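This report concerns only the one structure given below.
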Number of protein chains: 2
Amino acid sequence: MNELKGKVEILRIVAHPVRVAILDELSKGVKCVSDLEDFLEISQPNISQHLGLLRRAGIIDYFIDGRLRCYFLKNPFVLDLLEILRKEYDRELPGPECCPVTKKGTYPGERRR
Amino acid sequence: MNELKGKVEILRIVAHPVRVAILDELSKGVKCVSDLEDFLEISQPNISQHLGLLRRAGIIDYFIDGRLRCYFLKNPFVLDLLEILRKEYDRELPGPECCPVTKKGTYPGERRR
DNA sequence: TTAATTCATTCATATATTCAAATATTATTA
DNA sequence: TAATAATATTTGAATATATGAATGAATTAA
């Protein structure tokens, strides 16, 4: 799970509005599928598909409680991801004026001759 | 850029190995396209397409220096994202045994009757 | 002006994703 | 054992994405 490649794959899986909503909800605690049904506005089979994707990617897992499947978060990287998804970003980055050398030894802003 | 929706869209754009590589490189400083060509193993037109995507998403921008286009990072959320992509995660999350109530008032682990 | 450099755009094709609809599975309850 | 509840799987159609190939600016150098 530590190589970049694996994390990019996780990113790809997470990068869907419904799946982010599911993960955000799971970050508050264990939920069964019908809990999720209550607050997502999509069909149960569709929810199930998203859960399957997330589970096969190792992002979530479940245990069985009676006839409920109780899903929970399993992946610490995703927790950090959720955190920055919730964070406020008010400004853009400072411009590049201060920055390093490009290929041929020019500095940004400096005109090559 | 602050609503969740926009960030999920950014995630979707970033979630590609080549684009992560580009962004990681840009996080070190301004680079022109031919700098990127040197260390990515894909064709220039393909690099250009990825740059175009990233630019249209507001993630990067460029200034012109002679005949070079010097690209730089523009989005602070993406900086945080790159940071957690580089971070080490050695353990899984603790299990759910400690956790909140599911829909019908059962506790995880507790059997419903 | 011509040629070279640097980068972008367009197009075609292969592949992947999304979602709905129908159906299946599994555990519990009657 | 049959019925029900909770959830999963499969299939298929629409759409989106990825990438290579070819081509097209724009700028600069000769």
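Chain letters run A, B, ... following the sequence lines, proteins first and then strands; every chain starts at 1. Here the structure is a predicted model, which means the values were calculated and not measured.
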Can you give me the N/O atom pairs linking the protein to nucleotides 10-14 of chain C at distances under 3.5 Å, or say none if there are none?
from   : atom 1 : to    : atom 2 : distance (Å)
C:dT10 : O4     : B:Q49 : NE2    : 3.4

How many whole angstroms separate atom [atom1] of [X] from atom [atom2] of [N]?
X: B:I42; N: C:dC7; atom1: CD1; atom2: P; result: 14 Å
X: A:D65; N: D:dA5; atom1: CG; atom2: P; result: 18 Å
X: A:I64; N: D:dA8; atom1: CD1; atom2: C1'; result: 11 Å
X: B:L40; N: D:dA18; atom1: CG; atom2: P; result: 15 Å
X: B:L68; N: C:dC7; atom1: CG; atom2: P; result: 5 Å
X: B:I47; N: C:dT6; atom1: CD1; atom2: C1'; result: 12 Å
X: B:E37; N: C:dT5; atom1: CD; atom2: P; result: 13 Å
X: B:R56; N: C:dC7; atom1: CZ; atom2: C1'; result: 14 Å

Check: A:Q44 side chain, D:dA6 base, donor-acceptor under 3.5 Å = no

Sub-3.5 Å donor-acceptor pair from the side chain of A:N75 to the main-chain atoms of A:V78, do we have one?
-> yes

What distance separates B:L68 CG from B:D35 CG, expressed to the nearest 0.5 Å?
-> 8.0 Å

State the CD-NZ distance between A:E37 and A:K31, to the nearest 0.5 angstrom.
-> 14.5 Å

Between A:N46 and A:R69, whichever has its closest DNA chain C nucleotide further toward 5' is A:N46

Pick the nucleotide of DNA chain C nearest each of A:L53 and B:S48; which residue has the one closer to the 5' end?
-> B:S48

At under 4.0 Å between heavy atoms, what does A:S43 touch on the DNA or RNA strands: base, sugar-phosphate, or nothing?
-> sugar-phosphate

Reckon [X] has a side-chain N or O less than 4.0 Å from the OP1 or OP2 of [N]?
X: B:H16; N: D:dT19; result: yes
X: A:R12; N: C:dT17; result: yes
X: A:Y62; N: D:dA8; result: no
X: B:H50; N: D:dA18; result: no

Identify, with sequence neighbours excluded, every residue that meets ring pair (Phe, Tyr, Trp, His ring centres under 6.0 Å) alongside B:Y62.
-> B:Y71

Nucleotide of C:dA8, C:dT18, D:dA5 approaching A:R67 most closely (side-chain heavy atoms) = D:dA5

The helix from C:dT1-D:dA30 to C:dA30-D:dT1: angle between terminal helix axes, five bp per end, to the nearest 10 degrees, reads 10°

Residues from residues 20-27 of chain B sitting under 4.0 Å of DNA chain D, heavy atoms only?
-> none

Got a sec, which pairs hit ring-ring contact (aromatic ring centres under 6.0 Å, His included) with one end in residues 25-47 of chain B, sequence neighbours left out?
-> none

Under 4.5 Å between any side-chain heavy atoms of [X] and [Y], yes or no?
X: B:F72; Y: B:I60; value: no
X: B:L36; Y: B:L51; value: yes
X: B:S27; Y: B:L73; value: yes
X: A:I59; Y: A:F77; value: no

Result block: side-chain N/O donor-acceptor pairs under 3.5 angstrom for residues 13-26 of chain A, not counting sequence neighbours:
from  : atom 1 : to    : atom 2 : distance (Å)
A:H16 : ND1    : A:V18 : N      : 3.0
A:R19 : NE     : A:I13 : O      : 2.5
A:R19 : NH1    : A:H50 : ND1    : 3.0
A:R19 : NH2    : A:I13 : O      : 3.3
A:D24 : OD1    : A:R86 : NH1    : 2.5
A:E25 : OE1    : A:K28 : NZ     : 3.1

Output all residues satisfying salt bridge (charged side-chain N to carboxylate O under 4.0 Å, His left out) with A:R12, sequence neighbours left out; order by chain, then residue number.
-> A:E9

Taking only residues two or more places apart in sequence, or in another chain, which ones meet A:D80 in a salt bridge (charged side-chain N to carboxylate O under 4.0 Å, His left out)?
-> B:K87

